[in-house]
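Side chains included, hydrogens not; waters and symmetry mates left out as well; all remaining heavy atoms used.
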Amino acid sequence: MTSNVVFPNKLLPYLLLAPQVVVTLVFFYWPGVQALIQSTLREDAFGLKTQFVGLANFRQVLADPAYLHAAKTTAIFSVSVALLAMAVALLLATSAEKVLRGKAFYRTLLIWPYAVAPAVAGMLWLFMFNPTMGTFAYMLRSAGFAWDPLLKGDQAMVLVVVASAWKQISYNFLFFVAALQSIPRPLIEAAAIDGARGPKRFWTIVFPLIAPTTFFLLVVNTVYAFFDTFGIIDAVTAGGPAKATETLVYKVYNDGFVNLNLGTSAAQSVILMAIVVALTAFQFRFVERRVHYG
């Protein structure tokens, strides 16, 4: 017979939850409400007069070719970052399971990049691949490859994708290692005895068992690519060249804080949040159907 846990002080549960509730209200809901209100307003060039315009800001944003270009850039960027970060992390996690000596040291080295701030990570990659003084840029030019991400948009996109994925690999690595360790060893040994070896054993036995973790990381990496890569893009390319790496979140910053167009910037932030919520709901609605929970 089990008994329910009862707090001696009825106010204690509320006091324990109060800090998190306050943080959520102050840093999430209040800015969200402010952005929603601001998206329906429009100020004059001098900021002296505010006018209610309803959905006019949203119509202006959705009709702007520059915004549609940023949306396309964001889609390519987010898919590339998520797939690259998860694929490399899964490869490293499976490799770490095969290491017999120094496994803890090997895992620690792979975790370190996650502690690097996004802006610092961007500066590191920019320094290494800077066309004028970067070591790897010099190696690429010596090999006959015309490397210049400051002038070529496709190369700039590759650079920010790799830098953003490198920052997220450690996070994915931790979860993949935990998922691989949770697989019963007798199951793997039985599959090996039955003749399932190498890639076949991984895709038929191991990968289906870590599918819940993979699905979770897919959602997390998607949100990361939409929002948390702002610092990397700002440090490496600042949205250039010619807006080739200007994502939706960077366009919100550029229009709101640089051009001081607060109405359309707020409308963009509301649309961006709606896109992320819809994308996450789509992933849970369709992708989760292929995930099997043991």
Side-chain angles (χ1 to χ4, degrees), residues 11-75 77-78 81-82 117-119 164 168 171 216-235 238-239 243 246-285 287-288:
L11 293 178
L12 182 59
Y14 300 98
L15 292 177
L16 295 176
L17 291 174
Q20 183 60 43
V21 172
V22 171
V23 170
T24 303
L25 291 176
V26 173
F27 292 100
F28 289 93
Y29 288 102
W30 183 68
V33 173
Q34 289 292 103
L36 186 60
I37 295 175
Q38 186 67 45
S39 65
T40 62
L41 304 177
R42 182 176 296 171
E43 296 183 0
D44 62 354
F46 300 98
L48 301 177
K49 182 180 179 182
T50 301
Q51 179 184 5
F52 177 78
V53 294
L55 300 179
N57 288 328
F58 291 93
R59 290 192 293 267
Q60 179 180 348
V61 168
L62 295 177
D64 185 8
Y67 184 80
L68 300 179
H69 177 268
K72 179 182 177 181
T73 301
T74 304
F77 174 77
S78 59
V81 170
S164 302
Q168 191 69 1
Y171 182 89
F216 165 77
L217 290 177
L218 177 63
V219 176
V220 170
N221 281 266
T222 301
V223 176
Y224 162 79
F226 267 82
F227 294 101
D228 294 342
T229 56
F230 169 83
I232 296 177
I233 295 176
D234 186 55
K243 298 184 178 181
E246 185 182 57
T247 59
L248 291 177
V249 67
Y250 197 83
K251 185 169 177 55
V252 170
Y253 160 77
N254 197 34
D255 289 351
F257 291 91
V258 178
N259 299 327
L260 299 180
N261 195 340
L262 300 181
T264 57
S265 177
Q268 291 177 39
S269 65
V270 174
I271 295 175
L272 178 60
M273 181 59 66
I275 291 175
V276 174
V277 171
L279 183 59
T280 304
F282 174 82
Q283 290 174 334
F284 274 95
R285 181 69 175 84
V287 179
E288 194 180 22

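Using a 4.5 Å heavy-atom cutoff, the side chains of F230 and P118 are not in contact. Contact annotation: the side chain of L262 approaches that of E43 to within less than 4.5 Å [non-hydrogen atoms, C-beta and beyond]. The side-chain heavy atoms of T73 and E246, taken from C-beta on, include no pair separated by under 4.5 Å. V21 is not listed as a side-chain neighbour of T24, based on a closest heavy-atom distance of 4.5 Å or more. Counting heavy atoms from C-beta outward, T247 and F226 have side chains that stay 4.5 Å or more apart. Contact annotation: the side chain of Q268 never approaches that of M273 to less than 4.5 Å [non-hydrogen atoms, C-beta and beyond]. Between I233 and F77 the shortest side-chain heavy-atom distance falls below 4.5 Å. V223 is listed as a side-chain neighbour of V276, based on a closest heavy-atom distance under 4.5 Å.
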As a quick check of understanding, evaluate side chain to side chain contact (heavy atoms under 4.5 Å, CB included) for T222 and T280, giving each step before the final call. CA-CA 8 Å; T222 301; T280 304; 6.0 Å; no
Would T40 and N57 count as a side chain to side chain contact (heavy atoms under 4.5 Å, CB included) if you check the C-alpha gap in whole Å, the side-chain angles of each, and the deciding distance to 0.1 Å? CA-CA 7 Å; T40 62; N57 288 328; 5.9 Å; no
Please assess L217 against Y171 for the test side chain to side chain contact (heavy atoms under 4.5 Å, CB included), listing each intermediate value before the final yes or no. CA-CA 9 Å; L217 290 177; Y171 182 89; 4.0 Å; yes
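Note: K251 NZ to N259 CG = 8.0 Å, rounded to the nearest 0.5 Å. To the nearest 0.5 Å, atoms CG (L12) and CG (L15) are separated by 6.5 Å. Considering OG of S269 and CZ of F227, their distance stands at 9.0 Å, rounded to 0.5 Å. From T229, atom OG1 reaches atom CG of N221 across 11.0 Å, with rounding to the nearest 0.5 Å. Going from atom CG of L279 over to atom OG of S78 covers 7.5 Å, rounded to the nearest 0.5 Å. The line from OG of S164 to CD1 of I232 is 4.0 Å long, rounded to the nearest 0.5 Å.
When all heavy atoms of F58 and A267 are compared, the closest pair comes out as CE2-O, 3.6 Å. The two residues A266 and S39 make their nearest non-hydrogen contact at CB-N, 3.6 Å.
Judged purely by atom type and a 3.5 angstrom limit, T74 uses its side chain to pair as donor or acceptor with the backbone of L248.
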Enumerate donor-acceptor pairs with a distance under 3.5 Å from any side-chain N or O in residues 60-69 to protein atoms, sequence neighbours excluded.
unit_1: Q60; atom_1: OE1; unit_2: R42; atom_2: NH2; d: 3.4
unit_1: D64; atom_1: OD1; unit_2: A66; atom_2: N; d: 3.2

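Other residues, nucleotides and ligands contribute only 12 or fewer heavy atoms inside 6.0 Å of the OH atom of Y14.
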